[in-house]
Chemist: 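A single structure is presented below for examination.
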Amino acid sequence: MSEAEPNTGTDAVPETERLRLERDDLLAQLARARADYQNLRKRTQVDIDNSVRRSLEGLLQGLLVLLDHLDFALASKVESEDGKALARGVELTRLSFEQVLAQENVQPIAETRAFDPRLHEAVAMVPSANHAPGEIVATLRRGWTWRGQVLRAAQVQVASAPAASETSPAEAPPKAD
C-alpha cells in the first residue's frame with residue numbers, strides 16, 4: 001500500500017477504539033475533577049463557618065464579661081437619688097444588652113439544683129446539711145449557651161456532706177485556760 005492510498009478499515013477499527021477509550025478516560029477524569037471541586041467547596045465552606053464561629057464565640061464571651069460587670073455594678077448598694085438614677089440606667093443598659101444577645105441566640109443556662117458537668121463548673125465544695133451532696137448551693141457566675149451549645153459554663157458552689165467532726169457550739173468541749 002502506498003502513502004497515497006486511503007486506509008481500508010483494518011487500521012480504522014483500532015483507531016476508533018483508541019479514541020473511544022481516550023474519550024471515556026477524559027470523561028472519567030472530568031467526573032473526578034467535578035467531585036473534587038464539590039468536595040473542596042464543601043470543605044472550604046465548613047472551614048469558613050468554623051472560623052466565623054470561633055471569631056463570634058470569642059466576641060460573645062468577651063461581651064458576657066461586660067454583662068458580668070454590669071451585674072456587679074447593679075449589686076452595689078445605692079442610697080442617693082443620683083445613684084439610684086444611675087443604677088436604673090445601668091439596669092436598662094443591661095436589659096438592652098441581654099436582648100441583643102438573645103437576638104443572636106445567646107441564652108442563659110437555666111438555674112437548677114442538680115449539678116450537670118456539661119453545663120456547670122464546680123468552683124467550690126461547701127459542706128451543707130441543708131442540701132444533698134452534689135446539689136448546687138449557689139451560682140457564682142451565670143452560664144450561657146449559643147446555638148444550642150455551651151458558650152460559657154455556669155460557675156457554681158456544690159454541696160458536700162457535712163464533716164463528721166463538725167459539732168455545734170453547745171456540744172464543743174470547754175477550752176482549757
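Bear in mind that the values here come from a model prediction, so they are computed numbers and not experimental data.
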Chemist: Can you check whether L92's main-chain N or O pairs, donor with acceptor, with S96's side chain at less than 3.5 Å?
Modeler: yes
Chemist: Are F115 and M125 in one and the same hydrophobic cluster, where Ile, Leu, Val, Met, Phe, Trp and Tyr link if side-chain heavy atoms are under 4.5 Å apart?
Modeler: yes
Chemist: Is a side-chain donor or acceptor of R118 paired with a backbone partner of A153 at a separation under 3.5 angstrom?
Modeler: no
Chemist: Can you confirm whether R88 sits close enough to E91 that some side-chain heavy atom of one is under 4.5 Å from a side-chain heavy atom of the other?
Modeler: yes
Chemist: Can you confirm whether R41 is buried at CZ, in the sense that more than 12 heavy atoms of other residues, nucleotides or ligands lie under 6.0 Å from that atom?
Modeler: no
Chemist: Find the distance between CD (Q157) and OG1 (T139) and round it off to the nearest 0.5 Å.
Modeler: 9.0 Å
Chemist: Against L21, only a single residue in R23, E17, R18 fulfils side chain to side chain contact (heavy atoms under 4.5 Å, CB included); can you say which?
Modeler: E17
Chemist: Between I136 and V123, is there shared hydrophobic-cluster membership here, with clusters defined by ILVMFWY side-chain heavy atoms closer than 4.5 Å?
Modeler: no
Chemist: Is L66 isolated, or which residues cluster with it under the ILVMFWY side-chain rule of less than 4.5 Å, directly or via members?
Modeler: I48, V52, L56, L59, L60, L63, L64, L67, L70, L74, V90, F97, L101, V106, W144, W146, L151
Chemist: Name all residues meeting the salt bridge (Lys or Arg N to Asp or Glu O under 4.0 Å) criterion together with E135; count only those two or more places apart in sequence or in a different chain, and write none if there are none.
Modeler: none
Chemist: Please round to the nearest 0.5 Å and tell me the distance separating atom CG of D25 and atom CD of E22.
Modeler: 8.0 Å
Chemist: Looking only at heavy atoms, which two atoms of A132 and A159 are closest? And how far apart?
Modeler: O-CB, 3.5 Å
Chemist: What's the spacing between R94 CZ and D68 CG if we round to 0.5 Å?
Modeler: 8.5 Å
Chemist: Would you say Q61 has more than 12 foreign heavy atoms packed within less than 6.0 Å of its CD?
Modeler: yes
Chemist: Calculate, to the nearest 0.5 Å, the distance between atoms CG and OG belonging to N50 and S55 respectively.
Modeler: 10.5 Å
Chemist: Rounded at 0.5 Å granularity, tell me how far CZ in R113 sits from NE2 in H131.
Modeler: 4.5 Å
Chemist: Is the shortest heavy-atom distance from the side chain of R53 to the side chain of Q149 under 4.5 Å?
Modeler: yes
Chemist: Between S80 (side chain) and G83 (backbone), is there a donor-acceptor pair under 3.5 Å?
Modeler: yes
Chemist: I'd like to know whether CD of Q29 has more than 12 heavy-atom contacts from other residues, nucleotides or ligands below 6.0 angstrom.
Modeler: yes
Chemist: Which heavy atom in I109 sits nearest to a heavy atom in L119, and how many Å separate them?
Modeler: CD1-O, 3.7 Å
Chemist: Once rounded to the nearest 0.5 Å, what's the spacing between atom CG of L140 and atom NE2 of H120?
Modeler: 11.5 Å
